[in-house]
Amino acid sequence: MNLDIIPLHLGLSHFHTPSVAIAAMQEAVAQHQTFYGPNEGLPELRYALAQRYLEDDGVPIPAEQILITHGAKHALHLYLHSLLQPGDEVVAPFPYWFAFPELVRQSGGKLVPVPANPEEEYRLNVEELRSRITPATKLILLTNPGNPTGKVYSWAELQQVAALLEEFPNLHLLSDEIYDGLGYKGPLPSFLRFESLRNRIAVVNGFSKSFAMSGWRIGYLIAPFPILEKAVELQQKWISGVSPFLQAGAVEAIRQRHRIWQQFRTELEAKRERVTTVLQKMPKLQFTVPDAGYYVTLQVDQCLRPQDPASPFQLVEEWAAALKDQVGLEVLPATNMGMPGAVRMSFALPDDVLENALLRLQAFVS
């Protein structure tokens with residue numbers, strides 16, 4: 001009898017899409033909003049998003065500066081293709097989402113990483129950022145909150161990055177804020193708050209993580225108009241606009257965001273507390289408590305050779321494969337995220353499944 005596999009590697013939660021989004025989508029279908037929509041996105045959704053940043057961040061964003069995309073990944077792709085020229089360098093702190101290097105490469109750029117610093121709880125080291133800036137550097141790429149770390153940068157850290165942009169007037173910044181509704185201390189400030197730098201700041205966000213709408217494929221890009229115009233043109237040529245009835249659901253979700261986020265955060269915070277309590281009983285697994293999202297980055301170096309000469313595992317991939325084969329837990333090795341001795345583990349699971357997973361993990365590690 002095969003052991004059932006508990007998927008701790010996935011980048012989605014167990015939450016259902018909020019009912020208000022489903023009802024609004026169904027109403028749009030009933031009203032036959034099933035044809036091509038505006039390439040830039042429905043005006044109602046763009047205005048709702050603009051209102052969100054005005055209410056939450058005090059930042060007046062023109063709705064015309066927001067492009068609705070087929071998920072946040074597509075928004076990243078459009079932005080990088082619209083900004084980068086062959087040979088441009090993109091500086092990004094490790095660890096980062098595993099697709100960034102390939103997205104940058106496909107856009108003609110080269111990703112220049114800043115080493116991870118788990119011993120400092122992934123603090124944003126601006127001097128390390130500065131040391132990697134060359135005449136070829138075009139972009140700083142930040143993920144806030146972090147994936148896989150769940151790190152939320154402090155306002156002081158963001159101010160230091162803004163000062164770096166002032167120092168280098170040809171430098172752009174892209175902030176991936178896809179997990180921003182799942183901060184355990186409440187919604188976090190967007191980098192858009194640095195209004196004096198608006199002509200060089202872009203933000204990518206979407207509905208997959210903070211709204212549990214991963215299958216809806218709705219993201220958005222907020223970027224300076226010269227870049228946004230190129231992105232709009234690319235979207236029109238590549239895949240046209242997002243389905244109007246799906247956007248209708250997103251409108252209602254964004255309007256009721258705080259209620260939705262609070263519900264998700266309350267449940268996730270209890271799960272985070274449970275996971276960290278259990279992990280603290282496994283000293284071989286090092287971790288930092290996430291500030292947001294639903295992942296823990298586990299450093300398993302002490303379970304690998306050479307730190308543990310008796311270990312049968314040289315690589316984190318071998319450790320993860322054994323974890324799956326022996327106890328049925330699937331985690332995501334973080335080698336492609338810039339941490340070859342770590343794995344990403346999700347805790348966005350039903351309580352009974354999560355408890356089962358923690359018992360299996362304890363058995364495997366012991």
Side-chain angles (χ1 to χ4, degrees), residues 10-27 44-45 47-59 61 66 71-72 143-155 158 175-193 203-216 218-220 222 246-277 288-296 345-355:
L10 297 177
L12 51 84
S13 69
H14 67 298
F15 296 120
H16 294 300
T17 290
S19 58
V20 292
I22 294 172
M25 180 271 289
Q26 290 173 331
E27 177 63 22
E44 295 89 339
L45 181 53
Y47 283 117
L49 289 167
Q51 190 67 23
R52 171 243 152 117
Y53 285 98
L54 183 61
E55 292 172 358
D56 294 358
D57 290 278
V59 176
I61 301 287
I66 303 173
T143 308
N144 190 34
N147 173 12
T149 62
K151 165 71 177 178
V152 172
Y153 295 128
S154 68
W155 183 243
L158 298 181
S175 183
D176 179 347
E177 300 177 358
I178 187 72
Y179 292 90
D180 66 344
L182 301 179
Y184 292 109
K185 295 180 180 178
L188 58 140
S190 172
F191 211 94
L192 293 168
R193 291 193 184 189
V203 161
V204 162
N205 209 324
F207 290 79
S208 295
K209 311 301 182 182
S210 298
F211 292 93
M213 295 168 66
S214 56
W216 295 54
I218 304 177
Y220 58 92
I222 303 173
L246 297 177
Q247 293 182 69
V251 170
E252 201 54 42
I254 205 72
R255 286 174 178 163
Q256 301 201 34
R257 63 193 176 279
H258 290 297
R259 181 181 64 80
I260 294 167
W261 291 346
Q262 183 58 53
Q263 177 188 340
F264 287 179
R265 283 197 305 265
T266 299
E267 186 171 335
L268 286 173
E269 191 160 18
K271 295 179 191 296
R272 180 186 67 157
E273 182 70 24
R274 177 61 182 149
V275 167
T276 55
T277 298
T288 299
V289 179
D291 302 319
Y294 39 74
Y295 309 125
V296 174
M345 184 186 92
S346 171
F347 54 86
L349 298 162
D351 286 340
D352 58 332
V353 179
L354 183 60
E355 284 299 325

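Each residue takes its place number in the sequence, starting with 1.
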Taking all atoms of both residues into account, what is the closest heavy-atom pair of I218 and A250, and its distance? CD1-CB, 3.8 Å
Are any of the side-chain heavy atoms of [X] and [Y] separated by less than 4.5 Å?
X    : Y    : answer
N147 : K209 : no
N144 : V152 : yes
V20  : I260 : yes
S210 : W261 : yes
L354 : V275 : yes
S190 : Y53  : yes
P290 : Y179 : no
P145 : L182 : no

By salt bridge (charged side-chain N to carboxylate O under 4.0 Å, His left out) - contacts of [X] (at least two apart):
X    : value
R255 : E252
E355 : R274
D180 : R52

Can a side-chain donor-acceptor contact be found between Q262 and R259 if the only test is distance below 3.5 angstrom? no
All side chain to side chain donor-acceptor pair (under 3.5 Å) counterparts of [X], not counting sequence neighbours:
X    : answer
D57  : R193
Y294 : none
S154 : E157

Suppose we screen for side-chain contact (heavy atoms from CB on, under 4.5 Å). Which residues come up paired with [X], at least two apart in sequence or across chains?
X    : answer
E273 : T277
E269 : Y184, R272
T17  : A21, I22, M213, W216
E267 : H14, F15, K271

From [X] atom [atom1] to [Y] atom [atom2], the distance as rounded to the nearest 0.5 Å:
X    : Y    : atom1 : atom2 : answer
L49  : I222 : CG    : CD1   : 7.0 Å
Q51  : D56  : CD    : CG    : 9.5 Å
D176 : F191 : CG    : CZ    : 13.5 Å

Please answer whether the main-chain N or O of E177 pairs with a side-chain N or O of S175 as donor and acceptor at a distance below 3.5 Å. no
Which residue pairs pass the salt bridge (charged side-chain N to carboxylate O under 4.0 Å, His left out) test when at least one of the two sits in residues 11-25, sequence neighbours left out? none
F207: what forms a ring-ring contact (aromatic ring centres under 6.0 Å, His included) with it, not counting sequence neighbours? F211
